[in-house]
Amino acid sequence: MKKDCIFCKIVAGELPAYKVYEDQNILAFLDINPINPGHTLVVSKVHSENIADTTEATFVDLIKVIKKIYPAVLNGVGAADANLTINSGELAGQAVLHLHFHIIPRFAGDGHKLWTGKSYASSEVESIVQNIKNFIDSD
Ligand code: AMP
Ligand code: ZN
């Protein structure tokens, strides 16, 4: 548990939450300021800040629980579709520095916007691909 981490405090029962799923490693609860009804956060009980510093085992546990509860979250609010999101890091909009997935049920006309795409210059795209591949190979 990390001191002053809101989600660690929820895991420890020191702060209230509308819990929808709990097992030995993972907790899922409703977002307090939902984009839509049923907006659910899925966290590991062990604190890690982001994807880079979590363990593979913890990440797998998160994904397994998401697979398990996803239909229930959607069914619970009568949604057919959802966005599954991680905001990883401050520039990506991560406000709570305890790794969490958002399951965001979507409804027709709910007004939630997705990103708009940009284009690559062809010189740029080649070097980006190479940089990524080099980093993977060096790992
Ligand atoms: P992020 O920007 O990805 O870090 O998202 C953090 C999310 O946590 C936001 O959607 C908040 O509404 C939500 N949140 C913050 N505090 C609480 C809380 N005590 N209980 C439930 N959700 C919370
Ligand atoms: Zn934490």
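Just so you know, ligand 1 is whichever comes first in the structure, and atom 1 is the first atom listed for that ligand.
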Which atom pair, heavy atoms only, marks the closest approach of [X] to [Y]?
{"X": "N87", "Y": "H102", "answer": "ND2-NE2, 3.8 Å"}
{"X": "A82", "Y": "P105", "answer": "CB-CA, 3.9 Å"}
{"X": "S44", "Y": "L62", "answer": "N-CD2, 3.7 Å"}

Less than 3.5 Å between some nitrogen or oxygen of [X] and one of ligand 1, yes or no?
{"X": "F29", "result": "no"}
{"X": "P16", "result": "no"}
{"X": "Q94", "result": "no"}
{"X": "H39", "result": "no"}
{"X": "I32", "result": "yes"}
{"X": "G93", "result": "yes"}

Legend entry - Derivation of the side chain to side chain contact (heavy atoms under 4.5 Å, CB included) call for V43 and F101: CA-CA 7 Å; V43 308; F101 278 88; over 6 Å; no
Legend entry - Region of Y18 engaging ligand 1 - heavy atom pairs below 4.0 Å: neither
Inset, instruction - Report the part of T85 in contact with ligand 1, treating N, CA, C, O as backbone and CB onward as side chain, heavy atoms under 4.0 Å; options are side chain, backbone, both, neither. - result: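 T85 to ligand 1: no contact under 4.0 Å from either part.
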Inset, instruction - Would you mind checking if E22 and K45 are paired as a salt bridge, meaning a charged N to carboxylate O distance below 4.0 Å? - result: yes
Inset, instruction - State whether R106 and D110 are salt-bridged, where the test is any N-O pair (Lys NZ or Arg NE/NH1/NH2 against Asp/Glu carboxylate O) under 4.0 Å. - result: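 Yes, R106 and D110 are salt-bridged.
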Legend entry - Within-4.5 Å side-chain heavy-atom neighbours: I128 and V125: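 Side chain of I128 against side chain of V125, heavy atoms only: no contact under 4.5 Å found.
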Legend entry - Student check: side-chain heavy atoms of E14 and M1 closer than 4.5 Å: yes
Legend entry - In the protein, N/O/S atoms that are found under 2.8 Å from the Zn ion (ligand 2), waters not counted: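 Metal shell, protein only: C5 SG, C8 SG, H47 ND1, H98 ND1.
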Legend entry - Hydrophobic cluster membership, L99 vs Y70, 4.5 Å side-chain cutoff: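 Same cluster.
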Inset, instruction - Answer with yes or no whether the hydrophobic clustering places L27 together with Y21; edges join I, L, V, M, F, W, Y residues whose side-chain heavy atoms lie under 4.5 Å apart. - result: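 Shared cluster, no.
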Legend entry - Atom pair CG (L15) and CZ (F29), whose distance is rounded to the nearest 0.5 Å: 9.5 Å
Inset, instruction - To the nearest 0.5 angstrom, please state how far the CG atom of L30 sits from the CG atom of L41. - result: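 Result: 8.5 Å between the selected atoms.
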Looking at [X], which atoms of ligand 1 are within less than 4.0 Å of one of its heavy atoms?
{"X": "A95", "result": "1 (P), 2 (O), 4 (O)"}
{"X": "N87", "result": "1 (P), 2 (O), 3 (O)"}
{"X": "L41", "result": "8 (O), 13 (C), 22 (N)"}
{"X": "I10", "result": "18 (C), 19 (N), 20 (N)"}

Legend entry - H100 and F7 aromatic ring geometry - parallel, tilted or perpendicular at 30°/60° bounds: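 The arrangement is perpendicular - the two ring planes meet at more than 60°.
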Legend entry - Nearest-option assignment for atom 11 (C) of ligand 1, heavy atoms, candidates D31, N33, L30: D31
Inset, instruction - Can you pull out the closest protein heavy atom to atom 6 (C) of ligand 1? Residue, atom name and distance to 0.1 Å, please. - result: H100 NE2, 3.5 Å
